[in-house]
Number of protein chains: 2
Amino acid sequence: MTAKNESKNSDNAKPTVKEIPDKIVRRLPHYYVQLKNMLNKDVEYVSSEQLASIMGYSSSLIRRDLSHFGQFGKKSYGYDIHCLYSNLHRILGFNHEKSMVIIGAGFLGRALANNKSYEERGYLLRGIFDKDPAIIGLEFNNLRVMDVERAPEFIAENNIDVAALAVPALEAQKTADMLVKAGIKGIWDFTETPVEVPEDIILIEQNMNDGLCKISCKLVQKSK
Amino acid sequence: MTAKNESKNSDNAKPTVKEIPDKIVRRLPHYYVQLKNMLNKDVEYVSSEQLASIMGYSSSLIRRDLSHFGQFGKKSYGYDIHCLYSNLHRILGFNHEKSMVIIGAGFLGRALANNKSYEERGYLLRGIFDKDPAIIGLEFNNLRVMDVERAPEFIAENNIDVAALAVPALEAQKTADMLVKAGIKGIWDFTETPVEVPEDIILIEQNMNDGLCKISCKLVQKSK
DNA sequence: TTTCAATTGTACATTATTTAACAAAAATAA
DNA sequence: TTATTTTTGTTAAATAATGTACAATTGAAA
């Protein structure tokens with residue numbers, strides 16, 4: 001019953017703004033990282049063919065992906081690395097400031113708190129919460145862990161955009177409900193259980209066990 | 001240059017064993033978890049329609065996915081929950097014992113060490129490694145952190161199947177090379193940088209920043 | 001200036017994935 | 001027993017994603 005990536009777009013006044021296909025969205029960060037690595041090199045342009053050989057996508061897929069957002073390329077030269085990079089920055093929304101909290105300050109929550117990539121991507125880590133009195137008050141990345149009881153108020157008052165959900169599976173749905181009620185816009189879900197949210201909430205499932213399953217499944221296939 | 005999911009299968013002597021499409025592999029763990037939740041309830045059968053309404057996939061997709069592996073269903077009843085569950089268990093390879101090590105005992109590595117799902121999925125956590133003398137010797141989940149220098153020997157001698165890679169980005173490629181050389185079969189990669197491995201090595205990218213990017217991108221799209 | 005080479009952006013073809021539709025089987029009700 | 005209902009497994013249709021091919025454009029070389 002979960003809403004898939006529809007939006008019909010017909011009741012939307014704005015003329016274009018065609019929704020970006022999920023498949024493309026998933027590749028954009030890869031282009032972004034690759035371009036970023038190239039920024040420091042002393043080349044100015046890169047062709048789709050060069051990107052292809054580095055990244056393992058076909059050159060035409062790359063051209064097509066990029067053409068989705070306009071015409072960035074320069075014929076017979078390729079793409080201006082700086083230009084493409086900053087466009088991806090914009091398309092990915094990194095120029096918009098977004099606020100985030102982490103719910104659950106176990107090892108995973110702490111690992112998230114130490115993530116160095118937030119700033120570059122426009123995220124501002126505003127708070128960390130836990131329910132365990134032994135953890136509340138500890139400090140990670142200069143943020144003192146707060147009682148999760150205070151989270152709803154904090155989220156609402158500070159207009160927090162995104163919550164990283166790093167609580168035990170049993171708390172997952174309850175906590176997600178709390179977040180939604182508090183007005184969160186997106187949930188970055190690390191729990192290992194399916195979570196339901198209203199369809200206007202952005203839910204990114206970061207379930208790690210899926211990866212574990214995939215490896216297992218592929219190992220078996222290879223051993224056959 | 002990375003190998004995508006090809007295998008041609010033509011030079012493979014074995015007759016059938018058609019490779020499972022990636023799209024299906026990704027859904028299998030979801031079926032598995034859902035079925036597992038149903039095991040304890042007092043119903044014996046579940047129809048594709050019921051699964052569909054719970055899981056958000058269409059019923060025909062579910063039937064088709066499952067039919068890929070044979071005919072599990074019972075007409076006019078649906079699927080025997082126990083039977084389907086244990087078949088998924090087998091298809092996902094959970095009945096094969098797999099050994100694993102964790103490379104990097106920062107917060108993320110420690111979170112992985114505490115993962116409770118390994119056993120159920122047939123993984124046996126055999127070792128944790130780090131390069132930091134201040135961390136070597138600490139104990140997580142009853143395993144003492146070893147010096148990463150000892151990893152190659154340990155992996156080769158114990159015939160380790162899978163390594164969870166939880167080291168800083170700068171160490172990623174070097175560590176992956178070491179793992180491959182030591183004879184690892186699969187890498188569960190949590191680093192935030194692209195890693196290259198020979199195409200016969202199973203590489204599962206668990207890059208978390210991709211999720212962060214996706215949320216950002218979708219937030220922007222919605223705000224338009 | 002003209003030709004040649006490089007490389008984009010896009011139309012068309014192909015392949016992959018999903019949905020829709022339904023015949024066949026099995027249970028239940030009449 | 002016969003009709004009705006349910007629900008699978010599968011075929012065909014629809015949709016989506018990717019690859020191929022190439023005209024158009026631009027820069028560089030002749």
Side-chain angles (χ1 to χ4, degrees), chain A residues 1-10 16 18-28 30-31 35 38 43-81 83-84 87-88 91, chain B residues 1-10 18-28 30-31 35 38 43-84 87-88 91:
Chain A
M1 213 54 91
T2 316
K4 293 294 165 210
N5 51 350
E6 302 306 322
S7 89
K8 291 296 172 274
N9 218 8
S10 39
T16 43
K18 49 186 170 181
E19 182 154 347
I20 310 171
D22 248 42
K23 278 284 172 67
I24 297 184
V25 172
R26 218 172 319 151
R27 285 187 294 263
L28 292 181
H30 302 168
Y31 297 133
L35 270 289
M38 293 177 167
V43 279
E44 203 171 342
Y45 285 89
V46 64
S47 73
S48 59
E49 204 63 60
Q50 289 173 292
L51 277 172
S53 76
I54 299 170
M55 301 184 60
Y57 301 136
S58 80
S59 64
S60 85
L61 181 59
I62 294 172
R63 291 201 297 281
R64 182 181 261 268
D65 279 353
L66 299 180
S67 77
H68 192 92
F69 306 101
Q71 309 192 169
F72 299 140
K74 198 169 165 187
K75 300 218 164 154
S76 106
Y77 258 64
Y79 298 89
D80 178 311
I81 294 173
C83 166
L84 189 50
N87 269 289
L88 284 170
I91 292 163
Chain B
M1 212 56 89
T2 315
K4 291 294 165 209
N5 51 352
E6 302 305 321
S7 88
K8 292 294 173 277
N9 220 6
S10 38
K18 51 185 169 182
E19 184 155 343
I20 310 170
D22 247 42
K23 279 284 172 65
I24 296 183
V25 173
R26 217 173 320 152
R27 286 188 291 265
L28 291 181
H30 302 166
Y31 297 134
L35 269 290
M38 292 177 168
V43 279
E44 202 170 344
Y45 285 89
V46 64
S47 73
S48 58
E49 204 63 62
Q50 289 173 291
L51 277 171
S53 75
I54 299 170
M55 302 184 59
Y57 301 135
S58 79
S59 64
S60 90
L61 180 60
I62 293 173
R63 290 201 297 280
R64 186 179 253 274
D65 278 354
L66 299 180
S67 77
H68 192 92
F69 307 99
Q71 310 192 168
F72 300 140
K74 199 169 163 187
K75 301 220 161 148
S76 106
Y77 258 65
Y79 298 89
D80 178 311
I81 293 172
H82 274 88
C83 166
L84 189 49
N87 269 289
L88 284 169
I91 292 163

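Letters go in sequence order (proteins before strands), and every chain restarts at 1. Values below: every heavy atom of this structure, side chains too, minus hydrogens, waters and symmetry copies.
Qualifying salt bridge (Lys or Arg N to Asp or Glu O under 4.0 Å) partners for B:R26, counting only residues two or more places apart in sequence or in other chains: none. Here B:S58 pairs with B:S60, B:L61 under the side-chain contact (heavy atoms from CB on, under 4.5 Å) rule; sequence neighbours left out. Considering only residues two or more places apart in sequence or on other chains, A:S59 meets the side-chain contact (heavy atoms from CB on, under 4.5 Å) condition with A:S48, A:E49, A:A52, A:R63. Applying the salt bridge (Lys or Arg N to Asp or Glu O under 4.0 Å) test to B:R64 and every residue at least two apart in sequence or in another chain returns nothing. Applying the side-chain hydrogen bond (donor to acceptor under 3.5 Å, both in side chains) test to B:N87 and every residue at least two apart in sequence or in another chain returns B:R90. Not counting sequence neighbours, the partners of A:F69 by the side-chain contact (heavy atoms from CB on, under 4.5 Å) test are A:I20, A:I24, A:L28, A:F72, A:I91. Residues meeting the ring pair (Phe, Tyr, Trp, His ring centres under 6.0 Å) test with B:Y79, sequence neighbours left out: none.
The interatomic distance linking B:D65 (CG) with C:dT18 (P) rounds to 7 Å, in whole Å. As rounded to whole Å, 10 Å separates atom P of C:dT17 from atom NE2 of B:H68.
Using cut-offs of 30° and 60° for the angle between ring planes, the A:H30 and A:Y57 rings count as parallel.
The residue B:S48 sits close only to the backbone: its heavy atoms come under 4.0 Å of sugar-phosphate atoms, none of a base.
One finds no side-chain N or O of B:Y45 lying less than 4.0 angstrom from the OP1 or OP2 phosphate oxygen of D:dT8. For D:dT20, the OP1/OP2 oxygens have no side-chain nitrogen or oxygen of A:R63 closer than 4.0 Å.
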Under-3.5 Å N/O pairs linking protein and nucleotides 11-15 of chain D:
from: D:dA12; atom 1: N6; to: B:R64; atom 2: NH2; distance (Å): 3.0

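If A:G73 and B:I24 are placed on DNA chain C by their nearest nucleotide, the residue sitting closer to the 5' end is A:G73.
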Notebook entry, point to check: Tell me, for nucleotides 23-30 of chain D in 5' to 3' order, what letter each nucleotide earns: B for a base near a protein heavy atom under 4.0 Å, S for only sugar-phosphate near one, - for neither?
Noted result: -BBBSS--

